[in-house]
Protein chains: 2
Amino acid sequence: MSRAEQREQTRRALLRESRRLFAAEGYGAVGLSQIVNAVGVTKGALYHHFDDKTALFRAVLAQVQEEVGRRVAATADAEPDPWDQFVAGCHAFLTASADPAIQRIMLIDGPAVLGWNEWRAFDEATSARHLTDALTRLIEAGIIARQPIAPLAHLLSGAMNEAALWLATSADPGALADTKAALTRMLESLRT
Amino acid sequence: MSRAEQREQTRRALLRESRRLFAAEGYGAVGLSQIVNAVGVTKGALYHHFDDKTALFRAVLAQVQEEVGRRVAATADAEPDPWDQFVAGCHAFLTASADPAIQRIMLIDGPAVLGWNEWRAFDEATSARHLTDALTRLIEAGIIARQPIAPLAHLLSGAMNEAALWLATSADPGALADTKAALTRMLESLRT
DNA sequence: CCTTTCGCATACCGTCGGTATGTGAAAGCT
DNA sequence: AGCTTTCACATACCGACGGTATGCGAAAGG
C-alpha cells in the first residue's frame with residue numbers, strides 16, 4: 001500500500017470512529033484514547049492528522065453537514081415546481097435531522113464545541129444555504145411576499161432544528177406527521 | 001454571622017461567579033479553580049454545595065431560565081387580550097434571549113452539558129411552559145385552529161431560539177425589528 | 001544504494017474534575 | 001458553663017485527559 005493510500009485510510013478510519021463515538025456518547029464524554037483504541041492506532045496518528053480535538057470534531061461536523069445538505073438538495077431537486085421544491089426540502093431536512101446521531105453532532109455539540117458563530121458558518125455553507133436560496137427564488141418569482149430573507153431563514157431553520165430534536169425523543173408515533181403538518185401550515189402562510 | 005447565613009452567602013457567591021464565567025467563556029472553558037479563586041474559597045466549598053460541575057451548571061441554568069420565564073410572563077400578563085398576550089410573550093422571549101450571556105448558558109451549553117432531554121425538561125418548566133399554555137388557551141378560545149399543540153410549540157420555540165442567537169451576532173441594527181416583523185407574520189398565520 | 005520524507009509510535013507533561021481527610025468555629029445538650 | 005456534636009469549609013492528593021516532544025522505520029526520490 002502506498003503512503004498516500006495508507007494516510008487516507010487512517011484518516012478515514014479516525015473520522016469514522018470519531019463520528020460513531022461523538023454521536024453515541026457526545027463530544028465531551030469521548031476521550032481521544034477511546035477513538036485511537038477503536039481505530040487501532042495511537043494518539044500520535046491522530047495528532048498527525050488533526051491539530052486538536054476540536055479540529056477532529058470540525059471535520060466530523062463538516063462531513064455530517066454535507067451529507068444532510070446533499071439529501072435536502074436531492075429531495076428538493078426532484079420536484080419541478082419551485083414551491084414544491086421548497087416544501088420538499090424542508091421536509092427532507094426534518095427527516096434527515098430526525099436521526100439522533102446527526103442531532104448530537106450537528107445540533108447539540110456543534111454550537112457548544114465550535115461556538116455559535118463558527119457553527120453558523122458551517123450551517124450557512126450547507127443546509128441553511130439551500131433554505132436562503134429557495135426563499136430568494138420564491139421571492140424573486142413573486143410566490144411569497146418580498147421581505148428580508150435572513151430573519152425568515154433563521155426562524156424557519158430554528159423551527160426545523162428544534163422540531164427535529166423533539167421528534168427524536170417523542171414517543172408519539174404520529175408526531176412526525178403532526179409536525180410536518182404544522183410546518184406545512186407555517187410555510188403555506190408565507191405564500192402571497 | 002450565623003452558619004445558615006454564611007452558607008447561603010457562599011452558595012450565592014459561587015452561583016454568581018459561575019454564571020458570570022460560564023456566560024463569558026462557556027462551560028467547557030471555565031475551570032473550577034477559576035470559579036473558586038474568583039469567589040475567594042476553595043474547591044472544598046464548591047463540592048460542599050454542589051455534587052459536581054454539571055450540578056453547578058444546572059443551578060445556574062435554572063436561575064437563568066426562571067428569570068427569562070418571569071420576564072416573559074410579566075410582559076404577557078400586561079396585555080388584556082389573549083392574542084396580544086401571546087404575541088407580547090413571544091416578543092419578550094426574543095428580547096430576553098438576545099442577551100449573549102443568557103444565550104451561552106441557556107441555548108448553547110444547556111443542551112450540550114445536560115443533554116437535550118434534561119434541557120428540554122428545564123425549558124418546559126419555565127419559558128416553554130408559557131408558550132404551550134398560551135397556545136392551549138388560544139385554541140380553547142377558538143382564536144387559532146384546533147391542532148396538536150406540542151409540535152407547534154416546538155416549531156415556534158425553536159424559531160425564536162435560533163432567531164435570538166442570530167440577532168446577537170447580527171451587525172444589522174434593523175435585524176431585531178425585521179425578525180419581530182417576520183415572527184409576527186408567522187404568528188398571525190395561525191389565527192383562524 | 002543512499003538520502004530524505006513522513007506517517008505514526010512512544011514517552012512524557014500540565015491541568016482539570018473529583019475525592020478523602022482534616023479543622024475550627026458555631027450549634028445543641030446537660 | 002462546659003462538653004459534645006455538627007457542619008462549612010480548607011488541605012492534600014489522585015487518576016484521567018488533552019496536548020507535545022521525540023524517536024523510528026518504511027516508502028519515496030535521486
Side-chain angles (χ1 to χ4, degrees), chain A residues 1-61 104-105 109-110 112-115 118, chain B residues 1-61 104-105 109-110 112-115 118:
Chain A
M1 186 159 16
S2 84
R3 263 211 301 216
E5 286 170 338
Q6 179 64 39
R7 177 186 173 86
E8 188 64 15
Q9 186 171 321
T10 303
R11 184 188 165 86
R12 295 180 90 87
L14 283 168
L15 281 173
R16 251 206 347 264
E17 289 304 313
S18 301
R19 177 169 174 176
R20 219 177 45 86
L21 290 166
F22 287 158
E25 309 178 20
Y27 176 83
V30 174
L32 297 182
S33 53
Q34 274 184 67
I35 298 173
V36 296
N37 283 339
V39 174
V41 295
T42 65
K43 286 206 290 185
L46 198 157
Y47 276 93
H48 183 71
H49 286 276
F50 303 96
D51 283 349
D52 55 13
K53 196 185 177 187
T54 69
L56 178 60
F57 180 81
R58 225 181 306 267
V60 170
L61 175 62
R104 180 86 221 195
I105 293 169
D109 285 332
V113 173
L114 303 181
E118 191 180 348
Chain B
M1 183 158 18
S2 83
R3 264 210 301 214
E5 286 170 335
Q6 179 64 38
R7 177 185 173 84
E8 188 65 15
Q9 185 170 322
T10 303
R11 185 189 163 85
R12 295 180 91 86
L14 282 168
L15 280 174
R16 249 205 348 263
E17 290 303 314
S18 301
R19 176 169 175 175
R20 219 177 46 84
L21 291 166
F22 286 158
E25 309 179 21
Y27 176 84
V30 174
L32 297 182
S33 53
Q34 274 185 65
I35 297 173
V36 295
N37 283 339
V39 174
V41 295
T42 65
K43 286 206 290 185
L46 199 157
Y47 276 93
H48 182 70
H49 286 277
F50 303 95
D51 284 349
D52 55 11
K53 196 184 177 188
T54 70
L56 177 60
F57 180 82
R58 226 181 304 267
V60 170
L61 175 63
R104 179 86 219 196
I105 294 168
D109 285 332
V113 174
L114 303 181
E118 190 180 349

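In the text below, chain A, chain B and the rest are named by the order of the sequence lines, each starting its count at 1. Keep in mind that what you see is a predicted model, and the values were worked out from it rather than measured.
Heavy-atom distances under 4.0 Å link DNA chain C to B:K43, B:Y47, B:D52, B:K53 of residues 36-58 of chain B, given in residue order. Within residues 4-22 of chain A, the residues having any heavy atom under 4.0 Å from DNA chain C are, by residue number, A:Q6, A:R7, A:T10.
Between A:V39 and A:L46, every side-chain heavy-atom pair lies at or beyond the 4.5 Å cut-off. Considering only heavy atoms from C-beta on, A:V36 comes within 4.5 Å of A:V41 through its side chain.
Applying the salt bridge (Lys or Arg N to Asp or Glu O under 4.0 Å) test to residues at least two apart or on different chains, none of the pairs has a partner in residues 29-57 of chain B.
Applying the ring pair (Phe, Tyr, Trp, His ring centres under 6.0 Å) criterion to B:Y47, with sequence neighbours excluded, gives no partner residue. With sequence neighbours left out, the side chain to side chain donor-acceptor pair (under 3.5 Å) criterion links B:R20 to B:E17. Shown here are the side chain to side chain donor-acceptor pair (under 3.5 Å) partners of B:R12, two or more places apart in sequence or in another chain: B:E8. The side chain to side chain donor-acceptor pair (under 3.5 Å) test applied to B:R7 returns B:H48, not counting sequence neighbours. Among residues two or more places apart in sequence or in another chain, the salt bridge (Lys or Arg N to Asp or Glu O under 4.0 Å) test is passed with B:E118 by B:R58. Scanning for side chain to side chain donor-acceptor pair (under 3.5 Å) contacts around A:Q34 gives an empty result, with sequence neighbours left out. In this view, A:A24 satisfies the side chain to side chain contact (heavy atoms under 4.5 Å, CB included) rule with no residue, not counting sequence neighbours.
Counting 5' to 3', DNA chain C first comes under 4.0 angstrom of a heavy atom of chain B and last does so at the ends given by C:dG17 to C:dA27.
In terms of heavy-atom proximity, B:F50 sits nearest to B:L56 at CE1-CD1, 3.6 Å. Across all their heavy atoms, A:F22 and A:R104 have their closest contact at O-CG, 3.4 Å.
For the pair B:S2 and B:Q34, nearest-nucleotide mapping onto DNA chain C gives the more 5' position to B:Q34.
Axis angle between the ends of the helix from C:dC1-D:dG30 to C:dT30-D:dA1, five pairs each and rounded to 10 degrees, works out to 10°.
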